[in-house]
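None of the values given here were measured: they were computed from a predicted structure.
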Amino acid sequence: MASLQSLRGMVDLLPEHTPLWQQVEATARDHFRRAAVREIRTPLLEVTELFARGIGEATDVVGKEMYTFLDRGERSCTLRPEGTASVVRAAIQHGLLSQGPQRLWYGGPMFRYERPQAGRQRQFHQIGLELLGFADARSDVEAIAIAWDLLADLGVEGLALELNTLGSPDDRARYREQLVAWLEAHRDQLDPDSQARIHTNPLRVLDSKHPDTQALLAEAPSLADALSAESQERFAQVQAGLTALAIPFVRNPRLVRGLDYYSHTAFEITSSQLGAQATVCGGGRYDGLVQQLGGAATPAIGWALGMERLVLLLSQGAVAPPPGPDLYVVSRGTLAEAQALLLARHCRRAGLAVERDAGGAAFAKQFKRADRSGAPFAAVIGDAEAEAEMVLLKDLRGERPDERLTWEQLLQRLAAA
RNA sequence: GCGGGCGUCGCCAAGUGGUUAAGGCAGCGGCUUGUGGCGCCGCCAUUCGGGGGUUCGAGUCCCCUCGCUCGCCCCA
């Protein structure tokens, strides 16, 4: 085939699917508005170092999934693989944080060079929340609640909130040492992937899907035991807060998350109906990131929600057929066709959705197209109507007889319909 | 990066080595030159993702390649 195609993993969203996306976006916007969260938009392209430093060199995202290239100035640029690093960078760059805590949301395409599969594309879309400058456990609860309520309001069912704590950076460092030592001692019993991660990303080993490794891990030192009293108390507060809001959750001690910047609360909202890529929304606390990217030490929590996966869940229900226009204008004759364009504009200015037949076709054909457009009414202008500056209103769905009307009468009739 | 499945018209789809590649939907034209939804008639793939090979002969067999898809990995 000589014809051009979209790049692998880059998906077109066709007109029949955009209404559902628009509905999700509108609902999300409304939830953010009600939660006093403001939108921020950042570039799709950033210097590579932002992600290398922010997400972590050892992560899969940075190590093998980034769209990175040299621009004409020989700078290494990367198409953003996630949103948080960019938002934090922008907040630092523009001094947002010196104006107090920031409640921000963002949305848009992200890029990860992976093998596509169900619920996974190379260009995909996220909506995300970032609460910058909030340290309290209550902000963790609030962030999660915003995601939970949004999903519930959209009518997604069968979701599970999985919750874990990664502890403070100190807890994590201490635990990491214990874990590495233990993994080292059992190296030969681990699967190859896990062996490779012992030093680069030991916590990820805990989440290995390998059955043998998983069985072995039952003996490993647990993160929970390494937590300081403060971290434990903090985690208890988060759980109590969720319980107070009647948001059900499941503790998952193996939930680690792939990005380096997380600490304390980590969570995922999953659905069993998504196939292998079950996470709809994932996030957590990242108290160290702002500082790591050159800002003042600032606690923060956030999450990102995968639009494609969410839409996948939503479209498992019945999809409403796209609405047709309010009016379809049919015309024949030179004068009439000129008037049809004027009439269409007149009605559009009055707020109606109007489709005008390209004209030229046989009259019968035009009515056929009018019918298929889904419009409830057709406005007919022929030579006779054009001379008199009238239109014939035809009821395409009901039994009402044709009416000969002036343009203003037409608008009134349609407004009443 | 590694496995499995698949690739015939815009969509669905028959066809399993033998002359001209069914059919349905959509589209276009007509029956009906100012009136649609139903019906009827006609048109709509020199070609089976692409390239090689086997054969007298290939959409049908073999090889390579590209793409789609599901899974691993990872994550939204």
Side-chain angles (χ1 to χ4, degrees), chain A residues 1-11 14 16 55 58-66 80-84 107-129 147 151 191-194 196-197 201 204 207-210 255-259 267-271 274-283 302-313 328 330-333 336 357 360-386 392-398 401-402:
Chain A
M1 235 204 234
S3 63
L4 266 23
Q5 291 184 32
S6 62
L7 252 15
R8 158 168 251 197
M10 308 273 175
V11 176
L14 269 10
E16 59 180 312
I55 300 172
T59 62
D60 282 22
V61 169
V62 172
K64 55 186 193 189
E65 295 173 1
M66 295 207 299
R80 63 182 188 191
E82 58 106 50
T84 301
M110 306 293 164
F111 303 84
R112 261 122 92 158
Y113 195 92
E114 299 180 89
R115 194 81 177 262
Q117 72 185 71
R120 193 171 80 184
Q121 298 168 189
R122 288 183 171 182
Q123 176 177 333
F124 60 105
H125 300 261
Q126 289 186 335
I127 285 179
L129 169 75
L151 260 6
D191 62 276
D193 277 342
S194 294
R197 275 200 257 268
N201 206 344
R204 282 232 58 87
D207 200 27
S208 168
K209 304 290 189 299
H210 211 90
L255 178 60
V256 165
R257 316 247 345 120
L259 280 33
F267 71 94
E268 288 186 2
I269 299 175
T270 59
S271 167
L274 279 176
Q277 310 299 324
T279 305
V280 187
C281 177
W303 49 254
L305 188 153
M307 282 291 286
E308 281 79 5
R309 292 181 188 176
L310 176 54
V311 167
L312 217 52
L313 289 172
Y328 191 100
V330 159
S331 60
R332 200 181 65 165
D357 198 275
F363 233 37
K365 199 72 196 173
Q366 292 195 44
F367 282 98
K368 188 169 190 159
R369 288 199 282 246
D371 181 52
R372 295 204 178 175
S373 76
F377 296 99
V380 186
I381 306 182
D383 297 326
E385 289 79 14
L392 209 61
L393 179 67
K394 181 179 173 59
D395 180 4
L396 292 169
R397 309 293 153 198
D402 293 359

Give me the distance, rounded to whole Å, that separates [N] from [M] when you measure between the [atom1] atoms they each carry.
N: B/rA22; M: B/rG15; atom1: C1'; result: 8 Å
N: B/rC41; M: B/rC48; atom1: C1'; result: 29 Å
N: B/rU54; M: B/rG24; atom1: C1'; result: 36 Å
N: B/rU19; M: B/rG59; atom1: C1'; result: 16 Å
N: B/rG1; M: B/rU8; atom1: C1'; result: 32 Å
N: B/rU47; M: B/rC40; atom1: C1'; result: 30 Å
N: B/rC75; M: B/rC63; atom1: C1'; result: 37 Å
N: B/rG51; M: B/rG7; atom1: C1'; result: 16 Å

Who are the side chain to side chain donor-acceptor pair (under 3.5 Å) partners of [X], not counting sequence neighbours?
X: A/S271; value: none
X: A/T59; value: none
X: A/E268; value: A/R257, A/T279
X: A/D371; value: A/R397

Exercise for the section: Give none if B/rG39 has no partner; otherwise give the nucleotide forming a Watson-Crick or G-U wobble pair with it, both distances under 3.5 Å. Expected result: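 With both distances under 3.5 Å, B/rG39 matches B/rC31.
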Handout entry: Pair assignment for B/rG71, Watson-Crick or G-U wobble, requiring both distances under 3.5 Å
Key =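 Base partner found: B/rC2.
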Distance, rounded to the nearest Å, where [X] contributes [atom1] and [N] contributes [atom2]:
X: A/I55; N: B/rC75; atom1: CD1; atom2: P; answer: 11 Å
X: A/E82; N: B/rC75; atom1: CD; atom2: C1'; answer: 11 Å
X: A/R112; N: B/rA76; atom1: CZ; atom2: C1'; answer: 6 Å
X: A/Q366; N: B/rG29; atom1: CD; atom2: C1'; answer: 15 Å
X: A/I127; N: B/rC75; atom1: CD1; atom2: C1'; answer: 18 Å
X: A/L7; N: B/rC68; atom1: CG; atom2: P; answer: 9 Å
X: A/Q5; N: B/rC66; atom1: CD; atom2: C1'; answer: 9 Å
X: A/R80; N: B/rA76; atom1: CZ; atom2: C1'; answer: 13 Å

Problem - Geometric cation-pi criterion, A/R80 with A/F111: 6.0 Å, 45° - result: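 Not flagged: A/R80 not positioned over aromatic ring of A/F111.
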Practice task
First locate atom CH2 of A/W303, then atom OG1 of A/T84, and finally report the distance between them rounded to the nearest 0.5 Å.
Solution key: 11.0 Å
Problem - A/R369 and A/D357 ion-paired at < 4.0 Å - result: yes
Problem - Salt-bridge contact A/E114-A/R120 (side-chain N to carboxylate O under 4.0 Å) - result: yes
Using a cutoff of under 3.5 Å, can you pull out all pairs of nitrogen or oxygen atoms linking the protein to nucleotides 37-40 of chain B, with atom names and distances?
residue : atom : partner : partner atom : Å
B/rG37  : O4'  : A/D371  : OD2          : 3.4

Exercise for the section: Verify, without hydrogens or angle tests, whether A/R112 (side chain) and A/P81 (backbone) share a donor-acceptor contact under 3.5 angstrom. Expected result: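 Yes; at least one donor-acceptor contact below 3.5 Å.
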Problem - Donor-acceptor contact present, side-chain A/R309 to main-chain A/G119, <3.5 Å - result: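 Looks like yes, one N/O pair under 3.5 Å.
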How would you label the contact of [X] with the nucleic acid (heavy atoms, under 4.0 Å): base, sugar-phosphate, or nothing?
X: A/L310; value: nothing
X: A/G282; value: sugar-phosphate
X: A/A384; value: base
X: A/E385; value: base

Problem - CZ/A/F363: more than 12 non-hydrogen atoms of other groups inside 6.0 Å - result: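 Enclosed: over 12 neighbouring heavy atoms sit under 6.0 Å from CZ of A/F363.
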I'd like a list of close polar pairs between nucleotides 71-73 of chain B and the protein, N/O only, cut-off under 3.5 Å.
residue : atom : partner : partner atom : Å
B/rG71  : OP1  : A/A276  : N            : 3.2
B/rG71  : OP2  : A/Q117  : NE2          : 3.4
B/rC72  : N4   : A/R120  : NH2          : 3.2
B/rC73  : O3'  : A/R197  : NH2          : 3.4
B/rC73  : N3   : A/R120  : NH1          : 2.8
B/rC73  : N4   : A/Q117  : OE1          : 3.2
B/rC73  : N4   : A/R120  : NH1          : 2.6
B/rC73  : N4   : A/Q277  : NE2          : 3.0

Completion exercise
Nearest-nucleotide check on RNA chain B, A/D383 vs A/Q126; residue mapping nearer the 5' end is A/D383
